[in-house]
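Worksheet for the structure shown next.
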Amino acid sequence: MLKDRFSKVTVLERSNYAQPSDSTPATRAEVPQSHCLHMLMGAGALAFDELVPSWRAELMARGAVPYDVGSDVAMRVTSGWLPRVETGITLYGASRGVIEAALLSVLREADNVRIQTGQRVIGLEVSQDGARVCGVRLKSTTGGSDVLANADVVVDASGTASRLPRWLETIYGEQHQIARTEIAPGRQYVSRWVRLAPDQTPGWQGLALAPIHVSGGRAGMMMRAEKDLWGVVLQTPEGVPLPADDQAFLASVAALPDRSLYDVLARAMPVTPLHLFGRTANRRRHYEDYPFWPGNLFAIGDSACALDPYAGLGMTAAARGVQLLQRYLDHSDRAAASFQSQLAKHNQWPWMIATGDWTHGASNPGMADQIDSLTRAAPFDPELAILLLELQHMLRAPETLTNEAVA
């Protein structure tokens, strides 16, 4: 998006991009979730279509598998199995490494984009009056220091571990703290990649088992990706020991109240070690309330709003935020502080889905009951199942639900 609006764009990355492999998905140690399967929801795919029109073709060229979220995915919600019904919502099974490679191939075609890896941003340079960011201070992984100056716009997309609050405190004083909201879901994850022989492929492209009362908070998911690879995620409550070896992993899967996942994994070949992903939290940094926000600084994605990966909305929320930033940059009279305020409102919808908290920020006070009713009824009605999936994929606003629709 930036390359179409500025004569020069510099992308600063602390780590090198992962090199593709024929045997296992490419991962980056600095990106813990790169070990896990990724899902781009329906609304995220539409945002990608606007921002990177060729992204679908690039993904397919690298082996990503398209499938319908209703007819090709066996999904059990808390009230039962959803009917296998065509929805028109397409998922693309792919590892994060393949998604990154597809986007990078488009970016590297741009003459005005320079990608610098091995660079860690350690601070901001601001104008004398503090109203604008002039540049950023860098330290390379080889130990050298530098300042990238003369910036017209600075975008912080450095994710959950963003140091931006600390940098702002250093410049404007610690008396003005960045307010933060955090909701811990009490979940932890273990994931791995496996391979299935072609004659062992199940009758679905994806399987999702939501936690139910008798499962003790355990849940599981398996999705097809590129090159006959399948990503598997097992969710357990915090405090429950995560499996650390193959035998314990299969035993944990066998403990799920439905054997569908175990029956497939019992004949699968592991291709990566188990990756433990511990405590997660939904966290919002309230930059919209900060009194000294520079006029040309923008924080997007997980830097501003990080979501528990269970909802699968991280990439979608980030892409929608870029769409919003695009509109702001096309109206140069709009200040960055105003953007952060609008982004906070923009993120309210995925925040409610990820946290399950429909009581704060919802326009309809009865929305939580309506969504609960919809979830209970969806396994018994194909039209309501589609409605629920559209809601999960942010293709239908929760305000559009009515009592009549979910009675």
Side-chain angles (χ1 to χ4, degrees), residues 31-39 41 75-80 159-162 179-192 207-223 231-245 248-258 261-262 274-286 301-318 347-362 367-369 371-372 374-376 388 391-394 398:
V31 186
Q33 289 186 25
S34 67
H35 297 264
C36 306
L37 65 90
H38 278 56
M39 290 177 61
M41 295 303 213
M75 181 178 297
R76 192 198 64 195
V77 296
T78 53
S79 52
T160 301
S162 170
R180 190 169 79 171
T181 298
E182 184 170 307
I183 298 179
R187 290 190 280 256
Q188 56 185 359
Y189 305 91
V190 57
S191 68
R192 81 176 330 163
L207 172 71
L209 304 173
I212 58 177
H213 178 69
V214 296
S215 72
R218 290 177 170 83
M221 178 179 291
M222 184 172 180
M223 293 286 173
V232 185
V233 177
L234 180 66
Q235 169 200 305
T236 69
E238 279 184 15
V240 175
L242 287 169
D245 57 45
F249 181 71
L250 275 178
S252 296
V253 174
L256 292 170
D258 187 277
L261 183 57
Y262 176 82
L274 295 172
H275 181 75
L276 308 184
F277 195 81
R279 182 177 181 271
T280 62
N282 300 283
R283 190 195 61 243
R284 302 178 75 169
R285 293 184 172 114
H286 295 284
D302 281 11
S303 298
C305 180
L307 304 172
D308 174 30
Y310 179 75
L313 289 171
M315 289 191 294
T316 296
N347 284 333
Q348 185 62 31
W349 183 2
W351 176 265
M352 289 191 294
I353 295 177
T355 62
D357 182 6
W358 299 94
T359 59
H360 297 90
M367 189 179 296
D369 291 336
I371 292 173
D372 183 59
L374 174 62
T375 303
R376 291 199 308 268
L388 178 62
L391 183 70
Q392 290 178 347
H393 284 257
M394 296 184 62

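- The shortest heavy-atom contact between Arg285 and Ser162 is NH2-O, 3.5 Å.
- Partners of Met394 according to the side-chain contact (heavy atoms from CB on, under 4.5 Å) rule, which considers only residues two or more places apart in sequence or in another chain, are Ala43, Leu313, Thr316, Arg320, Trp349, Pro350, Ile353.
- Every residue two or more places apart in sequence or in another chain that forms a side-chain contact (heavy atoms from CB on, under 4.5 Å) with Thr375 is listed here: Val77, Thr78, Ser79, Ile371, Leu388.
- Between Cys36 and His275, the shortest heavy-atom contact is SG-CD2, 4.5 Å.
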| task | Given side chain to side chain contact (heavy atoms under 4.5 Å, CB included), test Gln348 with Arg284 step by step and report yes or no. | result | CA-CA 10 Å; Gln348 185 62 31; Arg284 302 178 75 169; 2.7 Å; yes
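- When each of Val232, Leu234, Leu37 is tested with Met221 by the rule side chain to side chain contact (heavy atoms under 4.5 Å, CB included), just one qualifies, namely Leu37.
- Atom CE of residue Met315 and atom CG of residue Leu307 lie 12.5 Å apart, to the nearest 0.5 angstrom.
- Contact detail for Pro243 and Leu274: the closest heavy-atom pair is O-CD1, 3.6 Å.
- In this structure, CZ on Arg76 lies 5.5 Å from CG on Asp258, to the nearest 0.5 angstrom.
- Of all non-hydrogen atoms in Pro211 and Gln235, the two that sit nearest each other are CG-NE2, 4.0 Å.
- Going from atom CZ of Arg180 over to atom NE2 of His286 covers 10.0 Å, rounded to the nearest 0.5 Å.
- Legend: residues meeting salt bridge (charged side-chain N to carboxylate O under 4.0 Å, His left out) with Asp302, ordered by chain and number and at least two apart, are absent.
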| query | Is there a side chain to side chain contact (heavy atoms under 4.5 Å, CB included) between Leu276 and Gln188 once you walk through the steps? | reply | CA-CA 8 Å; Leu276 308 184; Gln188 56 185 359; over 6 Å; no
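- Note that CH2 of Trp351 and CG of Asn282 are 5.0 Å apart. Values are rounded to the nearest 0.5 Å.
- With a 4.5 Å cut-off on side-chain heavy atoms, Pro309 and Tyr189 count as touching.
- How far CZ of Arg187 is from CZ of Arg218: 14.5 Å, rounded to the nearest 0.5 Å.
- One finds the OG atom of Ser191 at 8.0 Å from the CZ atom of Phe249 (value rounded to the nearest 0.5 Å).
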